[in-house]
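Basis for what follows: all heavy atoms, side chains included, without hydrogens, waters or symmetry-related copies. Chain A is the first sequence line, chain B the second, and so forth, proteins listed ahead of strands; every chain is numbered from 1.
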Amino acid sequence: MEIKFLLNKKPVSLEAEPSMPLIDLLRSLGMKSVKCGCENTVCGLCTVLLDEVPVLSCSVPAARADGHSVMTLEGLKAEAEEFVGFIADQGADQCGFCNPGYVMNTIALLRENPDPTDEEIREYLAGNLCRCSGYEGQVRGIRNYLNAKKEGRL
Amino acid sequence: MNEEKRSVGAAVRKVDSMQLLTGQPVYVDDLPEPHGCLVVKLLRSPHANAMIEEIDASAAMQIPGVVAVFTYKDVPAERYTEAGQTYPETSPHDRLILDRHLRHVGDPVALIAAENEDAAEAALDAVKVKYTVLPAVLDFHTAMDNETLVHPEDDWHALCPFTGGDPKRNICASGVEGEGDVEKVLSECDIVLEHPFHIKAVNQVPMETFRTMCDFDSNGRLHITSSTQIVFHVRRIVAHALGIPKTSIVVEKPRIGGGFGAKQTAVSEVYPAFVSWMTKRPSKLVFTRKESLEAGSPRHEMELTVRLGAMRDGTIRAIDMNVLSNAGAYGEHSWAIAGLTAHKSIPLYTSGLEAFGFKFNVVYTNRQSSGAYRGFGATQGMFAVESTVNELADKLGMDPLEIRLKNSVKEGAMMPAYYHETATSCNLDGCLEKCAEQFGWKEKFPVRVMPDGKIRAAGMAMTMQGSCISGIDVGSATVRLDDGGSYCLMIGAADMGTGCDTILSQILSDCMECPLENITISGANTDRSPYDSGSYASSTTFVTGKAVTMAAEELIEKMKALASKILGIPAEQLVFEKNAVYTQDHTKCITAAELADASMNGNEIPMEVTRSHTNPTSPPPFMAGMVEIELDPETGSVKILNYNAVVDCGTVINPALARIQAEGGIVQGIGMALTEDINYDAKGNLSENSLMKYRIPTRLETGRLHVDFAPSYEAMGPFGAKSIGEIVINTPAPALAHAIYRATGKWFRSLPITPERIVMEKGD
Amino acid sequence: MKFRNFIQPRTIAEAYELAQKPDTVILGGMMWMRMQKRTVENAVDLSLLGLDKIEETGEGIRIGAYVSLRQLETSPLLLEYTEGAIKTALCPIVGVQFRNGATLGGSIWGRFGFSDVETVFTALGADVVLAGKGQVPMVEFIKNGAPKDLLTHIILPKKAPDAFAVNAHRNSATDFPVITTAVCRRGDNVRVTVSPAPARGYTEDFSATDMPEIAGNIMKNLKFLASASASLEYKEHLARVLIGRGVKAVGGQ
């Protein structure tokens, strides 16, 4: 079917199988930040924003993007760069393979709740698996960012 | 150099961090695909033990887009091993690219190459295979001398006879060692504890599964881009498997999405390499998560029986360990891993130890092949020994902290069970004491029942690992003075996310007394990099890091020689400081930038040095870990409240990266202890074959982690550093089993310790 | 799962008609369904039917089948109605992104014995609205299903529970529950719902005066099956413990 959608705010129109997973469609369009880690909706690596809402692009059929807006990390680099340096300062990026997914979900978290507690961060990001970092460095990084922002150090 | 400007000791960002955090395309499957790249898929065995009677690919070949289907009839007959080890490997040469004999569910039956994913998928269903299903050896207790042989073939061969394999008895490797009269000392002890411990074949689960892409370079050589820790070993393994010259292969790795030892085995490389070599077309193979879980290279399942003898005052006098290890269908890393169970656990108790014994048998079964996983056997050994010591403390009514301080290895001690090496740097007691203080051991060790009925309790463990394979691992560094007074550092070690590119850059930056920004690093490529065994055995910082310092020292001499020519002053009268060469009175100076310019103008002194390093010993890092849990006695749920760890990894080169190594390793260890289960059905199918079922910890299950350091100084390491990569996974299992015992009165000596077991079982 | 046609009906009647066709599936959030290895002709998407709303109506709270689990757990209306229990119950399901995708209808339609969502709404005394059959109690729907019908809404009774408690056990955080229990008290009625996967959910009503005996009595009728996640005995043990906790929480000291 013909699928028209906004990809990182730019209109895209293409022919695709309706049941093609959105992740495959996005990667075929060069959005290589979107990663697959589990193939069954539990790892969070494929997180994208569909109409501003974080979803697992492995479970969204391409047809459902038709007429909607999809944002990937490629389109949110500037927003990410506001805080990811703080995660880098913790060394918590590690292998990096899970980073785009949890950076996307952190963007969603901070838009929804600009001043989350550590517990709220953990709860919101619970569906983002990481095997390298042990997670705590990611939380410290986000915490340091929030503190820096509050203290006007950004 | 100004202390505050030093790179070593600073928590600098990883050199690649912003690329990774902003999702740049830096992994195998993100790189531009060569034109006409074939999709490779493996048809895998549905049976645990079977022979292929007939295989017919004609229908599959009719599917539009299918380019080739290869079967056992098409591959070379020379057996090889996928283990990434220095040649001659201690792993037996026991596999073929495709074999008529299928030895586990998931063993490759046919290799499919197609123009696209759909055609390849369709071909998987279209290959017709007739199997003769054979009885399978699934329980490793029954493997030895079973009438069913996993490797009945006659061309099985071991390159290292001392590894003790006997495939006609299903023995992949075996060994016996010891010192002193264990039986006699045990008979003199006041108390002897003896229990078997069981650890399952847990999976590393790097978030990026195994994957490899192949194409051809401008000279027609096979160019392999792979997610691997071991580029040089991969070149040799592929050359061997395909029966082609090593000169016809170049291997490189881009960024790697996690390894943890999984990618110290060439799990995926051989298949697309074979496809590309045969079809002369580029190809790519990406393992699904299911494939990675069913046919990867997980930890060796083991049963370890420990006999530990002690006196009433807590002096540990003898430890005897008997290990049965499950290789699975192929023998990758089996001998080496079995050895580390004892070599890394028993030496912890060197102080009063009069004798030790160690015996191991690694058996073949019809399960997926095991391999290297962070901790490499030490993890299994530590669970058994540390649990036994915790029980000893309990039986003697001693504080488990005191019993450790009493028996722990001290600096300067020779460790008979550790290849007779000396603990040249050791602050194990410092780790224990600092950890106890920060954790609040005195307050948290007593069992506390909370108002809601939940029980709080604590447990502990200590551990050691190595910093390389003594006298075998080779690390090399090439350092070149570059335009503008910067340095290009070329290495063959593989940064798999751990940050070795950054750490080695920090080391070089301090050697040259220049800002970190002056260092560029070029990762592993068999054409361009100096030889390195690869990133495993915790060796990169210790061995390759030392090679960096050696190369830097030699480059400084060359820079002085060039400066000497320019200044007309003998080199001996020149000094190197702050990235420049000075006269001793500092009246004259040539900066590295000026030397770089001069080196490119009528010069014959090479401004490039390669140094290789190997260390005759493997100085162990040490670590203490303590955990506080809250256990629900009605449901069996265990919640981790706090996990404290203190590590002696020698000089901490980068505190941020070292801390993350520790935190990540602890959480992996928590998963192994509590949630990561492995079960096979009666036909040899793995139940936990997705991340829905194989439960790695989420961020809700880690508790609060507190990591600190109590460094010793290891003179043989770069700037006094040892290793940290593997040791960090070892303490959670014994510490958690200890805490659970404290809360329930039940010792669990097999993993994982699930809520159901806590409630329904009596303990092991 | 693959499908050839993606159809977005404009009316419920149209959607219901489509549901009668062979080789047709109604899509929910596609969380589990997409993992099925099959190809169907028609996939029907209900996005255009306005089924993504949580509304207070004269008869109670009407929730569309396309409301996401995340909408449920963040709805002030439902948080108040359940005194926060809806959040406690749904938060452990995988992660925020998953719960943004998964729909109420999809979670109920499958009549999964492991569903936290089903347990919560059954215990709360919800009705389901089917395009063909009309409004039926959820208990009945869970028992019989409604082949070829179309689930459009869930309706919660106007009267909020006097007390409501959800207790579940998971072997690890965000995993499937081994068992989920919900206890709902309205006046003298205490309803207990248990999801003892892989068996279907079970619901029984008790009088508040019998509260001390509930945990014991319900066990006589509850049927468990062993599964990969737990043995029969452990499930029985957990059910007793968790129902006991739920009953205590709704006032049965």
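Heavy-atom distances place no part of Thr754(B) under 4.5 Å from chain C, backbone and side chain included. If you measure heavy-atom distances from Ala228(C) to chain B, you find no contacts under 4.5 Å at all. When heavy atoms are compared at a cutoff of 4.5 Å, Arg245(C) approaches chain B solely by way of its side chain, counted from C-beta outward.
Under the 3.5 Å distance criterion, the side-chain polar atoms of His237(C) are left unmatched by any main-chain donor or acceptor of Thr635(B). In terms of modelled atom types and a separation under 3.5 Å, the side chain of Glu756(B) and the main chain of Ser231(C) share a donor-acceptor contact.
Here the CG-CZ distance, from Asn171(C) to Arg757(B), works out to 12.0 Å after rounding to the nearest 0.5 Å. Rounded to the nearest 0.5 Å, atoms CD (Glu634(B)) and CZ (Arg240(C)) are 11.5 Å apart.
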- Task: Evaluate the criterion side chain to side chain contact (heavy atoms under 4.5 Å, CB included) for residue pair Asp632(B) and His169(C); output intermediate values, then yes/no.
- Result: CA-CA 11 Å; Asp632(B) 183 336; His169(C) 173 78; over 6 Å; no
- Task: Starting from the C-alpha separation in whole Å, work towards a yes-or-no answer on side chain to side chain donor-acceptor pair (under 3.5 Å) for Thr174(C) and Arg695(B).
- Result: CA-CA 9 Å; Thr174(C) 78; Arg695(B) 302 296 303 185; 2.9 Å; yes
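Atom CD of Glu80(C) has 12 or fewer heavy atoms from other residues, nucleotides or ligands within 6.0 Å. No more than 12 heavy atoms of other residues, nucleotides or ligands sit less than 6.0 Å from atom NZ of Lys87(C).
The candidate from Gly95(C), Ser172(C), Ala230(C) with the greatest count of non-hydrogen atom pairs under 4.5 Å with chain B is Ser172(C).
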